[in-house]
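Owing to the predicted nature of the structure, the values given are computational and were not obtained by experimental measurement.
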Amino acid sequence: MVFKNMEEQDSFTLRNQERELRCFGTEEIEDFLEDMLVTPDQFVVLTAPKAQKQIRYVQACLLDDGTVETELGIEESDGTHLYGKICEDEECVRIFLDFFKNRLTVDRKEYKPVQF
């Protein structure tokens with residue numbers, strides 16, 4: 001599935017089902033992720049003001065088996081493609097924090113296209 005590329009924003013956005021923040025730091029990101037790991041059906045999305053190395057956002061949710069699905073929104077000329085992988089809690093947190101600090105390096109072979 002391909003989504004429309006987003007317009008540039010003036011800041012990062014962090015959101016889950018209950019709230020959306022535009023002014024936050026690493027502590028709030030970690031808090032949102034911790035909440036996701038203990039609250040059923042919770043998700044977290046971190047969106048950059050503009051794509052970083054083609055990545056516009058990262059998102060994650062807890063699966064029924066206790067693993068975390070972490071997904072990347074990759075901007076391409078025809079739209080934003082969603083790629084995901086299953087990972088442990090610690091790796092998910094690292095992905096979010098590295099993305100927030102513009103240090104995320106991704107091996108695209110580890111990620112598979114997300115199917116709906």
Would you list the atom pairs, donor with acceptor, under 3.5 Å between side chains in residues 103-116 and any protein atom, with sequence neighbours excluded?
unit_1	atom_1	unit_2	atom_2	d
Asp107	OD1	Lys109	N	3.1
Arg108	NH2	Glu76	OE2	3.4
Glu110	OE1	Lys85	NZ	2.6

* Asked: Rest of the hydrophobic cluster containing Leu63 (Ile/Leu/Val/Met/Phe/Trp/Tyr, side-chain heavy atoms under 4.5 Å)?
  -> Ile86
* To do: Would you list the pairs meeting side-chain hydrogen bond (donor to acceptor under 3.5 Å, both in side chains) in which at least one residue belongs to residues 31-49, sequence neighbours left out?
  => Glu18-Gln42, Asp35-Thr39, Asp35-Gln42
* Applying salt bridge (charged side-chain N to carboxylate O under 4.0 Å, His left out), name anything that partners Glu71, two or more places apart in sequence or on another chain. => none
* Structure fact -> The side-chain hydrogen bond (donor to acceptor under 3.5 Å, both in side chains) partners of Asp65 (sequence neighbours excluded) come to Thr67
* Pairwise ring-ring contact (aromatic ring centres under 6.0 Å, His included) hits with a residue in residues 13-38, at least two apart -> Phe24-Phe100
* Quick one: list whatever passes ring pair (Phe, Tyr, Trp, His ring centres under 6.0 Å) with Tyr57, sequence neighbours left out. => none
* Structure fact -> Sorted by chain and residue number, the side chain to side chain contact (heavy atoms under 4.5 Å, CB included) partners of Glu88 (sequence neighbours excluded) come out as Glu90
* Not counting sequence neighbours, which residues clear salt bridge (charged side-chain N to carboxylate O under 4.0 Å, His left out) with Glu27? List them please. => none
* Identify, with sequence neighbours excluded, every residue that meets side chain to side chain contact (heavy atoms under 4.5 Å, CB included) alongside Leu37. => Leu62, Val68, Asp89
* **By ring pair (Phe, Tyr, Trp, His ring centres under 6.0 Å) - contacts of Phe3 (at least two apart)** => none
* Apply salt bridge (charged side-chain N to carboxylate O under 4.0 Å, His left out) to Arg94 and list each qualifying residue two or more places apart in sequence or on a separate chain. => Glu91, Asp98
